[in-house]
Visitor: 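Before anything else, here's the structure in question.
Ligands are counted one by one from 1 in listed order, and the atoms in each one are counted from 1 as well.
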Amino acid sequence: MFTKRVIFPGSFDPLTNGHVDIVGRALSVFGEVVVAVLNNPSKTPLFSAEERVALIQEHFQEDSRVRIETFSGLLVDFVRENKSNIILRGLRAISDFDYEAQMALMNRTLDPSVETFFLTAREENSYVSSSLVKQVAPFGGDVSKLVPAVVGRALQEKFGRSR
Ligand code: PNS
């Protein structure tokens, strides 16, 4: 039985199949995944923090091992407040590595007791990103293979086209 709690932070604007894949993989190693949705008032997201949380909650409603929270400020503070010392991030391609390594090292500098774990998504999700979804969905492009059904419906409502 796995008991460790891991924090999976991100913008999740919106949740993609890549994120879902990483959560699923993490649950084969960790006991609980806390999805930490960044609420950054200086950015204008496509979905508000409340909408993002609601979509993630709806997708994972059957799984009591997944908890969804918002956070602002420093991630390491949120990790400590939630009684964890593990940050989980997904790596898609080598191009992700620079940014991810910078964040991991910065977080380690801020709190040496916090470790960052990386997991890779399935191949078919390796190119999927929230940014790509946001580039395609407004123009009616089919994103149904890239996002969970609940997010697909929310995008449809937002942009009012069939996809
Ligand atoms: O999904 P994203 O946008 O790549 O996630 C980035 C996120 C939310 C993990 C990162 O921006 C973050 O942790 N922000 C909180 C501020 C912080 O603690 N920064 C220090 C680490 S660089």
Visitor: Which atoms of ligand 1 sit under 4.0 Å from any heavy atom of L75?
Guide: 13 (O), 17 (C), 18 (O)
Visitor: Looking only at non-hydrogen atoms, which of R108, K43, M103, E100 approaches atom 10 (C) of ligand 1 most closely?
Guide: M103
Visitor: Let me check something: do V79 and F8 share a hydrophobic cluster, defined by ILVMFWY side-chain heavy atoms less than 4.5 Å apart, either directly or through other members?
Guide: no
Visitor: Hey, which atoms in ligand 1 end up nearer than 4.0 Å to a heavy atom of L74?
Guide: 17 (C), 18 (O)
Visitor: Would you mind checking which non-hydrogen protein atom is closest to atom 20 (C) of ligand 1, with the distance to 0.1 Å?
Guide: N107 OD1, 3.8 Å
Visitor: What's the separation between atom CD in Q57 and atom CD1 in I68, rounded to the nearest 0.5 Å?
Guide: 5.0 Å
Visitor: Please list, in number order, the atoms of ligand 1 under 4.0 Å from a heavy atom of L38.
Guide: 8 (C)
Visitor: Got a sec, which residues hit side chain to side chain contact (heavy atoms under 4.5 Å, CB included) with D111, two or more places apart in sequence or on another chain?
Guide: V76, R80, S113, V114
Visitor: Membership question, hydrophobic clusters at under 4.5 Å side-chain separation (ILVMFWY): are F12 and L91 in the same one?
Guide: no
Visitor: Go through ligand 1 atom by atom and flag the ones less than 4.0 Å from a non-hydrogen atom of G73.
Guide: 15 (C), 16 (C)
Visitor: Relative to the ring of F117, is the ring of F30 parallel (under 30°), tilted (30 to 60°) or perpendicular (over 60°)?
Guide: perpendicular
Visitor: Answer whether the closest heavy-atom distance between the side chains of P45 and R52 falls below 4.5 Å.
Guide: yes
Visitor: For N82 and S84, test the side chains for any donor-to-acceptor distance below 3.5 angstrom and give the result as yes or no.
Guide: no
Visitor: If you have a sec, work out which protein heavy atom is nearest atom 12 (C) of ligand 1 and how many Å separate them, to one decimal?
Guide: F71 CZ, 4.4 Å
Visitor: So is A36 close enough to ligand 1, meaning a heavy atom under 4.0 angstrom away?
Guide: no
Visitor: Would you mind checking if E100 and R89 are paired as a salt bridge, meaning a charged N to carboxylate O distance below 4.0 Å?
Guide: yes
Visitor: Under a 4.0 angstrom heavy-atom cut-off, which atoms of ligand 1 come close to Y99?
Guide: 4 (O), 6 (C)
Visitor: I want to confirm something. Looking only at heavy atoms, which of P45, S11, S72, P9 is nearest to atom 3 (O) of ligand 1?
Guide: S11
Visitor: For R89, is the nearest heavy atom under 4.0 Å from an atom of ligand 1?
Guide: yes
